[in-house]
Amino acid sequence: MTWLAAIVNFTPLLGFLIAILWGKRLGEPKAAIAPVAALGVSFAASVALFVRILLGHGGDFSFTWFAVGGYELHVGFQLDRFGGLMALVVTTVSFMIHIYSTGYMHGDKLYGRYFAYLNLFSAAMLGLVLANNYLQAFIFWELVGLTSYLLIGFWFEKPEAANAGMKAFITTRLGDVGLLIGILLVFTVTGTFHFGTLFGLLEHGALAPALVVAAALLVFAGAVGKSAQLPLHVWLPDAMEGPTPVSALIHAATMVAAGVYLVARSFPLFVAASAASEVVAYVGAATALMAATIAVVQVDIKRVLAYSTISQLGYMMLALGCGSQTAGIFHLYTHAFFKALLFLGAGAVIHACHTNDMREMGGLGRRMKGTAITFVVAALALAGIPPLSGFFSKDEILVAVVDHGGWFLAFAAFFTVFLTAFYMFRAIFLTFGGDAKEKAAGAHEAPWKMLGPMVFLCLLAVVAGWVGIPGVGPGFAEIAGFHVHGEHHGFNFGAAGASLALALGGIALAWALYHLKVYPVAKIYKRFRPIAFVLERKYFFDDVYGFLFVKGTVAFARAWGIFDNYVVDGAVNGSAWLTVMWAKFKGWFDLAVVDGLVNFAGWITQGFGKVFRRIQTGYVQEYLLVLACGVVAILIAVLIMI
């Protein structure tokens, strides 16, 4: 089993090395052969691995990495159904995106480097989902962040792309600090990073409740950054500056799914910390509703999908916060296929029209029928229309919210259903419906290198959720190997009916406004201009962050520069001036005062010497004369006094 897991995890690394070392020399299309083949092998191995896990051959496999002071640090693979399923989802989507990219990236001067980064990104995500301990998971977690920076900023000649990569890297690091603190906190108390050992201690009540809550919230902090939850969601829409296949990979089954995966993998922590679970639920609900409202006014087709991704990630967090591990991961599983398909469809449209602006498209349904059909199927799945996959996974979330959530959670969940259907079909009618605009006039269908993966993902978008049909199979919870304490697994006709009605209502409204044009959209914007302005400004998150952190940092740097120049340097320069002046004064004092006093004493001594040496002549007669004069002087003085 471990050799299969090693093939799944490390084969993409081999593709990365070949592409990064010889990709430029091989050129297009040879540079893509090794990376695509590596993902193909990894995909086949992940299928075999998951089958063997289902047959009961899984387990927890650990190996000693190194020993320090009697403590052994282990690494290994967690080969349970959950990890095996995640690896299968990652390799499936990544393999399709690799194939699609061979057509999409045709002619790019960094063709080989692109596939090298794509392989490394996939390997990092696979290492994360197969890790059996927090330390190993964190290493791959950071590698996912690094490779996302490289891919988002791939076209680094564009300032927008370079800035977007930096924004993603810095923003996600904020959450990662919390995650690292949480991991170290747990290790300090328990002495282990291992999932199984830690959750065993938790089950036996060996951890203090306050520690459990703190650890759960810190783990969630990391997930907030990676999975673009409020308030760290701002990096993900700007990540659209990378190549569209990168957007599909990041937004479908890899980077943004990493946060949801980690919360689900740490689910025992959140079950034991109800306060933390409540935070997860409310943050997820607020994120889902906020992002869906912003998507309604976007005109860039990729940004519509970006905000849709943020909204759906909020749904997944909402389900996990409401205590349904099954619903959250079921939606992650189905979302991976139809969201990857939506991005690949958007990429095909952009490839044909050379613009992201939906207002410059139109009429593409007649020119790109294959792309249009697959895009509509994916949009229907996202909207939750039966019998497509999204209907079943979204129904699980709504049931969990109805059973365990409050009124705000229920309102956010159901209203987001309506908004999701509306903004997706708004995008469809603007892009594929109506008359062709100038840039869409010469559009043509994507080549089979691009259309083939889209058709395959379209099939999965239809059937992937059927494991959730009651009575059809064992159910997603059993397939994923979840313990379903207290989870609801019956089909809720009320929730499903309300969801379907709201989704159809959203589609009908989009059809009326953007296809039939029963009422001018411009008038709606004008009438609700304040609301539209708030939505177009994305609730001012970027403005506030730009003012506080970007401009604030620049202002602080400038102020520090002024302080450094005028105060610090002034103090240093002043100190230097004082030192020089003191040295000059000291030199003058030494010369004028100290040396002057010494010289004056010498001069006095010499003067007295000159005077008194004349007295000391050595002649006796002169001494007698002086003595006689002295006696006479004394006598005269006595006589005067008398």
Side-chain angles (χ1 to χ4, degrees), residues 73 75 86 90 117 120-153 163-188 193-195 198 211 213-239 242 246 249-251 253-267 269-270 273 276 279-280 283-284 287 309-310 313-314 316-317 320 332 541 545 548-550 553:
L73 192 62
V75 294
M86 287 295 300
V90 171
Y117 290 168
L120 184 61
F121 190 94
S122 302
M125 187 65 190
L126 289 167
L128 172 61
V129 300
L130 293 176
N132 68 350
N133 64 84
Y134 277 113
L135 179 61
Q136 184 179 341
F138 185 76
I139 293 170
F140 285 107
W141 178 277
E142 290 302 301
L143 186 57
V144 167
L146 171 62
T147 49
S148 67
Y149 165 76
L150 297 174
L151 286 168
I152 293 168
N163 292 336
M166 188 183 302
K167 185 176 182 178
F169 189 80
I170 293 173
T171 305
T172 54
R173 292 291 78 69
L174 296 175
D176 293 354
V177 171
L179 174 60
L180 180 60
I181 293 172
I183 292 173
L184 295 177
L185 175 65
V186 170
F187 176 77
T188 302
F193 295 109
H194 188 261
F195 293 139
L198 176 62
L211 171 67
V213 173
L217 289 175
L218 289 167
V219 168
F220 181 58
V224 166
K226 273 289 192 291
S227 290
Q229 300 294 286
L230 279 170
L232 300 181
H233 65 285
V234 293
W235 68 267
L236 194 142
D238 289 350
V246 169
L249 189 60
I250 288 177
H251 291 202
T254 50
M255 181 174 177
V256 296
V260 178
Y261 162 78
L262 190 64
V263 172
R265 178 60 83 184
S266 307
F267 201 64
L269 281 176
F270 291 90
V279 170
V280 173
V283 169
T287 302
T309 298
I310 297 173
L313 291 167
M316 299 171 203
M317 290 297 187
L320 293 171
L332 184 154
F541 275 99
Y545 290 171
L548 290 179
F549 301 114
V550 179
T553 302

K.L.:
So, taking the atom named CD1 in Ile152 and the one named CE in Met255, what distance separates them when rounded to the nearest 0.5 Å?
P.N.:
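Answer for the CD1-CE pair, Ile152 versus Met255, is 5.5 Å.
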K.L.:
Taking side chain as C-beta onward, heavy atoms only, is Ile139 less than 4.5 Å from Val75?
P.N.:
no
K.L.:
Where is the tightest heavy-atom contact between Leu73 and Leu135, given as atom of each residue plus distance?
P.N.:
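Scanning both residues, the minimum pair turns out to be CD2-CD2, 3.6 Å.
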K.L.:
Might you point out which heavy atoms bring Ala216 and Ala276 nearest each other, and give the distance in Å?
P.N.:
CB-CB, 3.6 Å
K.L.:
Using side-chain heavy atoms (C-beta onward) and a distance below 4.5 Å, is Pro231 in contact with Val224?
P.N.:
yes
K.L.:
Please check if the side chain of Thr171 supplies one atom and the backbone of Ala168 the other of a donor-acceptor pair under 3.5 Å.
P.N.:
no
K.L.:
Please check if any side-chain donor atom of Tyr134 sits under 3.5 Å from a side-chain acceptor atom of Ser266, or the reverse.
P.N.:
yes
K.L.:
Where is the tightest heavy-atom contact between Asp238 and Ala164, given as atom of each residue plus distance?
P.N.:
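Nearest heavy atoms, Asp238 then Ala164: O-CB, 3.1 Å.
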K.L.:
Give me the atom names and distance for the closest heavy-atom approach of Phe140 to Leu128.
P.N.:
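For Phe140 versus Leu128, the nearest heavy atoms are CB-N, 3.6 Å.
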K.L.:
Begin with the C-alpha distance, continue with both residues' side-chain angles, and end with the deciding distance and a verdict on side-chain contact (heavy atoms from CB on, under 4.5 Å) for Thr254 and Val144.
P.N.:
CA-CA 8 Å; Thr254 50; Val144 167; over 6 Å; no
K.L.:
Output the distance between atom CG (Leu313) and atom NZ (Lys226), rounded to the nearest 0.5 Å.
P.N.:
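That separation rounds to 13.0 Å.
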K.L.:
Quick one, Leu179 and Leu218 - any side-chain contact, counting heavy atoms below 4.5 Å?
P.N.:
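No, too far: nothing below the 4.5 Å cut-off.
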K.L.:
Enter the distance from Leu269:CG to Leu217:CG here, rounded to the nearest 0.5 Å.
P.N.:
10.5 Å
K.L.:
Tell me the closest heavy-atom pair linking Trp235 and Thr172, and the distance in Å.
P.N.:
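Closest heavy-atom pair between Trp235 and Thr172: NE1-CG2, 3.7 Å.
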K.L.:
Which is it for Val246 and Tyr117 under the side-chain contact (heavy atoms from CB on, under 4.5 Å) test, yes or no, and what are the steps along the way?
P.N.:
CA-CA 10 Å; Val246 169; Tyr117 290 168; over 6 Å; no
K.L.:
How many angstroms lie between atom OH of Tyr149 and atom NZ of Lys167, to the nearest 0.5 angstrom?
P.N.:
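Rounded to the nearest 0.5 Å, the OH-NZ separation comes out at 15.0 Å.
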K.L.:
With distance as the sole test, does Thr287 use its side chain to make a donor-acceptor pair with the main-chain N or O of Gln229 at under 3.5 Å?
P.N.:
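Absent.
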K.L.:
Tell me, do Glu142 and Asp176 make a side-chain contact under 4.5 Å, heavy atoms counted?
P.N.:
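Glu142 reaches Asp176 side chain to side chain.
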K.L.:
Are His194 and Leu198 packed together at the side-chain level, in the sense that at least one heavy-atom pair is separated by less than 4.5 angstrom?
P.N.:
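In short, these two side chains do not touch, never coming nearer than 4.5 Å.
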K.L.:
Kindly assign one of parallel, tilted or perpendicular to the pair Phe541 and His233, based on the angle between their ring planes and the thresholds 30° and 60°.
P.N.:
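Judged by the thresholds at 30° and 60°, the geometry between Phe541 and His233 is perpendicular.
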K.L.:
Identify the heavy atoms of Ala258 and Trp141 that sit nearest to each other, and give their distance.
P.N.:
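In terms of heavy atoms, the two residues are closest at O-CZ3, 3.5 Å.
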K.L.:
So do the side chains of Leu150 and Phe121 get within less than 4.5 Å of each other, counting heavy atoms only?
P.N.:
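No; the side chains remain at least 4.5 Å from each other.
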K.L.:
Using the rule given for side-chain contact (heavy atoms from CB on, under 4.5 Å), can you reason through Phe220 versus Met317, listing the C-alpha separation, both sets of side-chain angles and the distance that settles it, and then say yes or no?
P.N.:
CA-CA 10 Å; Phe220 181 58; Met317 290 297 187; 3.9 Å; yes
K.L.:
How long is the straight-line distance from OG1 of Thr188 back to CD1 of Ile183, given to the nearest 0.5 Å?
P.N.:
11.5 Å
K.L.:
Are the side chain of Ser227 and the backbone N or O of Val256 linked by a donor-acceptor pair below 3.5 Å?
P.N.:
yes
K.L.:
So, taking the atom named CZ in Phe549 and the one named CG in Leu174, what distance separates them when rounded to the nearest 0.5 Å?
P.N.:
8.0 Å
